[in-house]
Trainee: 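Okay, handing you the structure first.
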Amino acid sequence: MESKKTETTNFIRNIIDEGLKTNKHEGRVHTRFPPEPNGYLHIGHAKSICLNFGIARDYNGLCNLRFDDTNPIKEDPEFVQSIQNDIKWLGFDWEDRLYHASDYFDQMYEYAIQLVKEGKAYVCSLSEKEIREYRGTVKEPGKESLYRNRSIEENLDLLERMKNGEFEDGTHTLRAKIDMAASNMLMRDPLIYRIRRKRHHRTGGKWNIYPMYDFAHCLEDSIERITHSLCSIEFENNRPLYDWFLNALDVYHPQQIEFARLNLNYTVMSKRKLLELVNESFVSGWDDPRLPTICGLKRRGYTPEAIRTFSDRIGLAKRQSLVDMALLEHTIREDLNKSAPRVMAVLRPLKVIIDNYPEDLVEEMDAVNNPEDASAGTRKVPFSKIIYIEKNDFMEDAPKKFYRLTPGREVRLRYAYFIKCEYAVKDDNGDFTELHCTYDPETKGGSAPDGRKVKATLHWVSAKHSIKAEVRLYSHLLSVPDPGLENKDFKECLNPNSMQVLKDCKLEPGLANSKPGERFQFERQGYFCVDSKDSKHESLVFNRTVTLRDEWARLQKKKNI
RNA sequence: UGGGCCGUCGUCAAGUGGUAAGACACAUGGUUUUGGUCCAUGUAUUCGGGGGUUCGAAUCCUCCCGGCCCAACCA
């Protein structure tokens with residue numbers, strides 16, 4: 001009997017398997033996750049992190065964390081820290097292999113000198129504008145720089161002086177001597193070093209020149225003896241250059257493989273757009289629960305497990321795609337369904353008076369903490385004459401399919417009694433202010449000895465025992481699935497109702513001791529977690545992670561359409 | 001006639017010449033003290049399109065169509 005597990009398979013793993021068969025990298029598998037510390041990580045990075053660390057794990061290999069810190073004007077130690085936090089939170093460990101591109105600056109400089117000595121690189125003194133002009137266009141070849149044929153001695157001298165800070169920013173660059181007529185624009189004498197007389201967060205004032213991505217990245221991979229250098233598809237054009245540098249220098253040569261980056265509908269993923277939302281205060285910060293950042297998802301209540309599962313389920317390929325947010329929501333529901341304690345919370349309270357219930361009686365009802373996990377046990381929930389139920393669990397003129405409370409109908413209060421609605425009280429605006437019901441003492445616990453059934457079970461909270469809390473309901477950041485399809489700026493597509501704040505929610509008393517980050521299922525509503533920033537013991541704030549699937553809501557929606 | 005990459009269900013995605021996996025979404029039934037969970041069933045005669053090779057094609061050839069990337073001293 002074979003138990004066939006659905007194993008993760010994708011084109012990159014196939015390539016690795018092939019290489020292993022031919023002993024391509026001495027049987028090693030060594031990957032790396034190489035973020036630039038210039039922003040916060042988002043779910044797209046999580047895909048790459050899970051890929052790289054996941055492959056290392058599955059092939060008994062290693063995965064390095066490496067900061068690609070070659071551009072001091074964009075980078076900041078704040079990001080270095082946040083990135084490490086997020087990766088750890090996701091559940092991955094680089095052990096002692098935390099590296100920085102800046103660790104290799106000396107070595108890179110030596111390699112640059114080697115290129116110059118071999119006539120493969122030269123110092124160019126064209127201005128930024130001239131370099132652009134000389135590069136040509138996508139359809140026309142470029143022309144060679146006037147400085148392309150300087151002597152090796154002059155190049156060496158100039159490079160040394162660039163390094164020493166003798167020249168202003170932008171006055172000279174070091175360039176690879178390749179081919180100004182190449183059809184691949186990146187091969188038209190790409191820049192290797194540019195002058196940037198700026199302090200670096202790790203090397204301080206030591207350097208006045210910093211290496212460009214194409215030169216630096218392949219060497220970082222080579223120095224760390226990476227076997228498979230996985231990057232996103234937009235670097236496909238860079239691969240010939242990656243290979244060119246490593247061949248020119250005749251050093252260890254990792255294999256670059258490109259894959260498609262993640263796009264998710266109803267949200268934005270680019271660093272630029274996220275930065276815009278943060279800077280222009282459309283959201284409260286990088287960890288706003290509406291954002292697809294790792295820290296935003298964490299604050300929203302997502303678990304690392306769910307994000308890892310999501311990364312596995314979306315698969316991996318080279319074609320550009322737009323993954324349905326519903327899949328992400330599915331993975332968090334799946335995880336939380338197994339683990340989250342159930343609890344009763346009334347978000348939009350409607351007072352219910354049980355006329356035939358004794359005035360001062362309080363009963364402690366037994367409630368199951370998690371029907372999916374018997375070991376979670378039970379708890380006591382106080383019940384009394386005045387309770388709150390959800391406003392939308394009552395309708396005066398109910399349609400056929402509505403089987404919650406309506407005048408004359410009997411429903412079950414979860415873990416308590418059957419109650420029957422006798423009449424509703426309205427205020428001058430026509431809004432219901434309270435319901436008068438009667439209960440059947442024989443139905444304690446929620447079942448009738450005579451075997452009669454009810455169609456609905458409602459959650460509730462005892463008025464005098466309840467605690468008050470603020471609850472923030474989140475929905476999609478954008479009101480359209482793909483802002484790229486709309487003919488407008490993505491900010492015009494922001495969902496104006498992406499956050500709804502309810503200030504007067506009533507929770508069962510046990511929740512008073514809940515801790516920041518703690519997750520619950522509010523029965524019949526969704527999964528919620530205690531906000532890690534704004535929640536205080538005396539004024540609790542909950543974030544809705546995701547709603548429960550809701551058949552009734554679906555029916556209503558269908559009718560309205 | 002710049003170059004490179006990519007088109008398989010509504011959305012992802014396996015498949016590498018032997019007759020279309022799986023997941024999400026959707027639909028229908030069953031169980032249920034959450035209109036939740038769970039269970040069962042249904043959903044691509046067809047792989048962007050046309051030709052061709054072959055006993056046999058999503059897989060090979062060819063032409064066409066569509067999408068993405070490249071002209072930062074960003075990564």
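Values in this document were obtained by computation on a predicted structure and should not be read as measured data. Sequence lines set the chain letters: A, B, ... in the order given, protein chains first and strands last, and positions in each chain run from 1.
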Trainee: Please classify the nucleic acid contact of A:Asn71 as base, sugar-phosphate, or nothing, using heavy-atom distances under 4.0 Å.
Mentor: sugar-phosphate
Trainee: In whole angstrom, what separates A:Tyr403's OH from B:U34's C1'?
Mentor: 11 Å
Trainee: Where along nucleotides 5-11 of chain B does protein come under 4.0 Å, by heavy atom, of base (B) or sugar-phosphate alone (S), with - for untouched nucleotides?
Mentor: SSSB--S
Trainee: In whole Å, what separates the P atom of B:U16 from that of B:A21?
Mentor: 13 Å
Trainee: B:C68 pairs with which nucleotide, Watson-Crick or G-U wobble, both distances below 3.5 Å?
Mentor: B:G4
Trainee: As a test of reading the structure: which of B:C73, B:C70, B:G2 is closest to the side chain of A:Ser183, going by heavy atoms?
Mentor: B:G2
Trainee: Indicate whether OP1 or OP2 belonging to B:C70 is found under 4.0 Å from a side-chain N or O atom of A:Arg135.
Mentor: no
Trainee: Looking only at atom P, what distance separates B:U45 and B:G3, rounded to whole Å?
Mentor: 37 Å
Trainee: Is A:Lys558 near enough to B:A27 that one of its side-chain N or O atoms lies under 4.0 angstrom from OP1 or OP2?
Mentor: yes
Trainee: Would you say the side chains of A:Tyr122 and A:Asp189 form a donor-acceptor pair under 3.5 Å?
Mentor: yes
Trainee: I'd like the C1' distance from B:A23 over to B:U59, given in whole Å.
Mentor: 23 Å
Trainee: Should we say atom NZ of A:Lys271 is surrounded by more than 12 heavy atoms from elsewhere, each under 6.0 Å from it?
Mentor: yes
Trainee: Tell me if the centroids of the rings in A:Phe383 and A:Tyr417 come within less than 6.0 Å of each other.
Mentor: yes
Trainee: So, do A:Trp552 and B:G35 meet the stacking rule of ring centres under 5.5 Å and planes under 30°?
Mentor: yes
Trainee: Compare the minimum distances between each of B:G35, B:A14, B:C26 and the side chain of A:Phe402, then state the nucleotide with the smallest one.
Mentor: B:G35
Trainee: Of the options B:G36, B:A27, B:A75, whose atoms approach the side-chain atoms of A:Arg194 most closely?
Mentor: B:A75
Trainee: Can you tell me how far P in B:C47 sits from the matching atom in B:C9, rounded to whole Å?
Mentor: 10 Å
Trainee: Would A:Glu363 and A:Lys444 pass as an ion pair if we require N to O under 4.0 Å?
Mentor: yes
Trainee: If you measure from the C1' atom in B:G48 to the same atom in B:G67, how many Å do you get, rounded?
Mentor: 11 Å
Trainee: I'd like to know if the side chain of A:Asp366 pairs up with that of A:Thr378 as donor and acceptor (distance under 3.5 Å, no hydrogens or angles considered).
Mentor: no
Trainee: Taking only the side-chain nitrogens and oxygens of A:Arg549, find out if one of them lies under 4.0 Å from OP1 or OP2 of B:C26.
Mentor: yes
Trainee: Rounded to whole Å, how long is the line connecting atom CD of A:Gln521 with atom P of B:G35?
Mentor: 10 Å
Trainee: Figure out the CD1/C1' separation between A:Ile12 and B:U16, and round it to whole Å.
Mentor: 17 Å
Trainee: Choosing from B:A75, B:A23, B:G4, which nucleotide comes nearest the side chain of A:Leu327?
Mentor: B:A23
Trainee: Any strand is fair game: report the nucleotide pairing with B:G22 by Watson-Crick or G-U wobble, both distances under 3.5 Å, or none.
Mentor: B:C12
Trainee: When you compare the side chain of A:Glu329 with that of A:Asp324, does any pair of heavy atoms fall below 4.5 Å?
Mentor: no
Trainee: Check the side chains of A:Arg261 and A:Ser232 for a donor-acceptor pair under 3.5 angstrom, ignoring hydrogens and angles.
Mentor: no
Trainee: Quick check: any donor-acceptor pair below 3.5 Å linking the side-chain of A:Gln556 to the base of B:G35?
Mentor: no
Trainee: Looking at B:U34, does its base get a donor-acceptor pair with the side chain of A:Gln525 below 3.5 Å?
Mentor: no
Trainee: Looking only at atom C1', what distance separates B:C39 and B:U32, rounded to whole Å?
Mentor: 12 Å
Trainee: What's the gap between B:U54 and B:U43 when it is taken at their P atoms, as a whole Å value?
Mentor: 35 Å
Trainee: Using a distance-only criterion (donor-acceptor N/O pair, under 3.5 Å, no hydrogens), is the base of B:G2 paired with the side chain of A:Asn184?
Mentor: no
Trainee: Could you work out, with side-chain contact (heavy atoms from CB on, under 4.5 Å) as the rule, every residue matching A:Tyr403, not counting sequence neighbours?
Mentor: A:Arg409, A:Lys455, A:Ala456
Trainee: Given atom CZ of A:Phe11 and atom P of B:A14, what is their separation to the nearest angstrom?
Mentor: 9 Å
Trainee: Categorize A:Leu126 for me: base, sugar-phosphate, or nothing, with a 4.0 angstrom heavy-atom threshold over every strand shown.
Mentor: base
Trainee: In terms of side-chain heavy atoms of A:Thr137, which of B:A71, B:G15, B:G2 is nearest?
Mentor: B:A71
Trainee: Do A:Glu36 and A:Asn38 have side-chain atoms, one donor and one acceptor, less than 3.5 Å apart?
Mentor: yes
Trainee: Just compare B:G36, B:A75, B:C70 and give me whichever is closest to any side-chain atom of A:Met212.
Mentor: B:A75
Trainee: OP1 or OP2 of B:A72 versus the side-chain N and O atoms of A:Arg132: is any pair under 4.0 Å?
Mentor: yes
Trainee: The side chain of A:Glu551 is closest to which nucleotide in this list: B:A14, B:G36, B:A75?
Mentor: B:G36
Trainee: Check the phosphate of B:C24 against A:His330, side-chain N and O only, distance under 4.0 Å to OP1 or OP2. Yes or no?
Mentor: yes
Trainee: Could you check A:Leu186 against A:Lys455 and say which one's nearest nucleotide on RNA chain B is further toward the 5' end?
Mentor: A:Lys455
Trainee: Would you classify A:Arg313 as touching base, sugar-phosphate or nothing, given that sugar-phosphate means primed atoms plus P, OP1 and OP2, and contacts are heavy atoms under 4.0 Å?
Mentor: sugar-phosphate
Trainee: Does B:A72 adopt a syn or an anti glycosidic conformation, taking syn as a chi angle within 90° of 0?
Mentor: syn
Trainee: Considering only B:U34, B:G2, B:G35, which nucleotide approaches the side chain of A:Val138 most closely?
Mentor: B:G2
Trainee: For B:A57, give the paired nucleotide (Watson-Crick: N1-N3 plus N6-O4 or O6-N4; G-U: N1-O2 and O6-N3; both under 3.5 Å), or none.
Mentor: none
Trainee: May I ask you to verify if any side-chain N or O of A:Thr331 is less than 4.0 angstrom from the OP1 or OP2 atom of B:C24?
Mentor: no
Trainee: Round to a whole Å and report the spacing from CD1 of A:Ile389 to P of B:G35.
Mentor: 13 Å
Trainee: Is there a side-chain polar atom (N or O) of A:Asn14 under 4.0 Å from OP1 or OP2 of B:G15?
Mentor: yes
Trainee: How far does the P atom of B:A13 sit from the matching atom of B:G7, given to the nearest Å?
Mentor: 9 Å
Trainee: Just say parallel, tilted or perpendicular for the rings of A:Phe528 and A:Phe522, cut-offs at 30° and 60°.
Mentor: parallel
Trainee: Which nucleotide, if any, forms a Watson-Crick or G-U wobble pair with B:U41, using both distances under 3.5 Å?
Mentor: B:A27
Trainee: Where does the angle between the aromatic ring planes of A:Tyr266 and A:His476 fall among parallel (under 30°), tilted (30 to 60°) and perpendicular (over 60°)?
Mentor: parallel
